[in-house]
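Taking it in order: structure first as structure tokens, then the write-up.
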Protein chains: 2
Amino acid sequence: MQQIKHRTNEARTAATRAALIGAARTLFVEKGYGETGTPEIVAAANVTRGALYHHFADKADLFRAVVTAEAAALAEAIDRATIPVAAPRTALIEGTGAYFAAMTVPGRARLLLLDGPAVLGPQTMAELDRSLGGATLRQGLAEAMRRVDPVELDALADCLSAAFDRAALAIAGGADPAPYCAAITRLIDATLRTGRP
Amino acid sequence: MQQIKHRTNEARTAATRAALIGAARTLFVEKGYGETGTPEIVAAANVTRGALYHHFADKADLFRAVVTAEAAALAEAIDRATIPVAAPRTALIEGTGAYFAAMTVPGRARLLLLDGPAVLGPQTMAELDRSLGGATLRQGLAEAMRRVDPVELDALADCLSAAFDRAALAIAGGADPAPYCAAITRLIDATLRTGRP
DNA sequence: TTGCATACATACAGCCTGTATGTTAATGAT
DNA sequence: ATCATTAACATACAGGCTGTATGTATGCAA
């Protein structure tokens with residue numbers, strides 16, 4: 001630990017930011033945003049509060065960085081698992097399966113579905129979702145239901161994703177995944193059936 | 001304001017509790033749970049912090065009282081609007097309409113759908129919902145879809161109510177209600193259609 | 001009326017947040 | 001290679017907030 005000579009500034013910044021985000025993620029998941037103090041975070045990251053407030057505007061800004069990283073990891077996991085498929089219905093089913101699988105990462109549901117919306121607001125979370133994960137669900141629905149008004153399709157995608165979120169949260173909370181998967185599959189199939197008479 | 005002689009203890013308690021819950025509700029809605037301090041609350045309620053901590057264990061306990069009252073008001077509004085109807089499909093559509101109408105009360109969506117779950121936890125909110133609003137949606141679904149496994153029906157009701165919640169939150173956030181109502185109606189009809197082949 | 005419990009009010013200790021200021025090391029220009 | 005500048009911290013401080021401990025007055029029951 002003594003050979004740390006001539007470290008470039010860029011590397012220093014990356015290291016401390018990563019340490020802070022990692023430690024903060026652990027504590028935010030364990031105790032929640034409100035119950036986690038910055039002294040605790042910097043102690044876990046082996047830095048001082050000065051470093052924290054040098055890299056982040058405030059505690060909420062650090063939390064935003066944690067949530068953004070988590071959303072990016074989620075999007076990447078889904079992208080990685082989603083192989084381009086022909087049938088739109090299959091794509092939707094597989095997509096939600098990938099979503100559920102990626103959502104089992106410990107703490108992810110709490111960060112993205114519980115504390116995130118409360119601390120950063122729903123519109124910030126929606127923008128984040130749009131900029132990263134993209135409108136995968138919306139596109140899948142659009143492809144499968146051509147005759148639906150695009151404005152209603154937006155709302156429909158929003159409501160369906162809320163249903164998926166609730167299922168993911170319930171599973172993360174210890175619920176049996178099977179009935180939720182069945183319910184979600186039923187919901188998708190039922191919705192698709194209304195798109196083409 | 002000087003004629004307050006010989007007030008019974010019960011009345012005093014009811015008055016201060018009501019003043020605290022009312023003031024807290026206003027501030028929690030305006031600024032959120034985390035950004036609202038107890039000094040602010042007691043100033044708005046014209047009491048001292050001593051009174052607050054005499055009637056409530058801590059700030060979260062006061063918040064719980066606010067959320068409980070809000071959930072009770074929501075349940076009562078829905079009960080009041082829901083006239084016993086014969087057709088189960090009509091009952092479901094009317095029920096969600098009553099839910100949306102009751103959810104337009106300013107601040108209600110934030111309290112019940114945003115800060116509530118984050119501060120009190122999803123299971124506490126679910127228990128609260130169960131003890132007050134009851135399983136209206138679940139019962140309606142069960143009546144319309146006899147052949148579905150009860151366990152899956154629970155999950156289905158949970159997911160559907162999440163979709164309703166998202167719609168209510170979006171509308172409370174300024175979104176156009178029309179497409180959301182259309183999407184929800186479509187979702188209900190599509191789901192019901194899967195219950196009876 | 002007298003003793004007790006309730007309903008507060010006040011004071012205090014500890015923690016946490018954000019900022020201001022100081023210090024060291026890297027970077028860019030000469 | 002040197003020097004000025006700036007980034008990357010570290011430390012110290014002020015203010016506010018939470019929860020508790022203690023004190024007081026009023027309703028209540030015997």
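This is a predicted model, so every value here is computed, not measured. Here is how names work: the chains are called A, B, and so on, in the same order as the sequence lines, proteins then strands, and each is numbered from 1.
Of all nucleotides listed (dC9(D), dT18(D), dA7(C)), dT18(D) comes nearest to the side chain of Lys59(B). Considering only side-chain atoms of Pro39(A), the nucleotide from dC8(C), dT17(C), dC28(D) that sits closest is dT17(C). Side-chain atoms of Thr48(B) lie closest to dT10(C) of the nucleotides dT10(C), dA8(D), dA7(C). For Tyr53(B), counting side-chain heavy atoms from C-beta on, the closest listed nucleotide (dC9(D), dA10(D), dG19(D)) is dG19(D).
Counting to the nearest Å, the P atom of dC9(D) and the CG atom of Leu20(A) are 9 Å from each other. Atom-to-atom, CZ of Arg7(A) to C1' of dA25(C) comes out at 12 Å; the value is rounded to the nearest Å. Look at NZ on Lys31(B): it is 12 Å from C1' on dG16(D), rounded to the nearest Å. In this structure, Asn9(B) places its CG atom 18 Å from P of dC4(C), rounding to the nearest Å. Whole-Å rounding puts the Glu10(B) CD to dA5(C) C1' distance at 16 Å. Protein atom NE2 of His54(A) is 12 Å distant from nucleotide atom C1' of dA26(C), rounded to whole Å. At whole-Å resolution of the value, CZ in Arg49(A) and C1' in dA12(D) are 11 Å apart. Rounded to whole Å, the distance from CG on Asp61(B) to C1' on dG19(D) is 13 Å.
Under a 4.0 Å N-O distance rule, the pair Arg138(B)/Asp158(B) does not qualify as a salt bridge. Arg64(B) and Asp61(B) are joined by a salt bridge, as a carboxylate oxygen and a charged side-chain nitrogen come within less than 4.0 angstrom of each other.
Taking CD1 from Ile21(B) and CD1 from Ile41(B), the interatomic distance works out to 11.0 Å, rounded to the nearest 0.5 Å.
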Side chain to side chain donor-acceptor pair (under 3.5 Å) between Thr16(A) and His55(A), worked out: CA-CA 9 Å; Thr16(A) 50; His55(A) 287 288; 3.2 Å; yes
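Cation-pi contact between Lys59(B) and Tyr33(B): present, with separation from the ring centre below 6.0 Å and deviation from the ring axis of at most 45°.
Comparing Gly50(A) and Thr38(A) by the nucleotide of DNA chain C whose heavy atom lies nearest to each, the residue mapping closer to the 5' end is Thr38(A). If Ala57(B) and Asn46(A) are placed on DNA chain D by their nearest nucleotide, the residue sitting closer to the 5' end is Asn46(A). Heavy-atom nearest nucleotides on DNA chain C were determined for Val47(B) and for Thr36(A), and the one closer to the 5' end corresponds to Val47(B).
Side-chain nitrogen and oxygen atoms of His55(B) include none within less than 4.0 Å of the OP1 or OP2 phosphate oxygen of dA7(C). At dA26(C), none of the side-chain N or O atoms of Arg12(A) fall inside 4.0 Å of OP1 or OP2 (strictly under the cut-off). Proximity of Thr13(B) to the phosphate of dT6(C): no side-chain N or O atom is located under 4.0 Å from OP1 or OP2.
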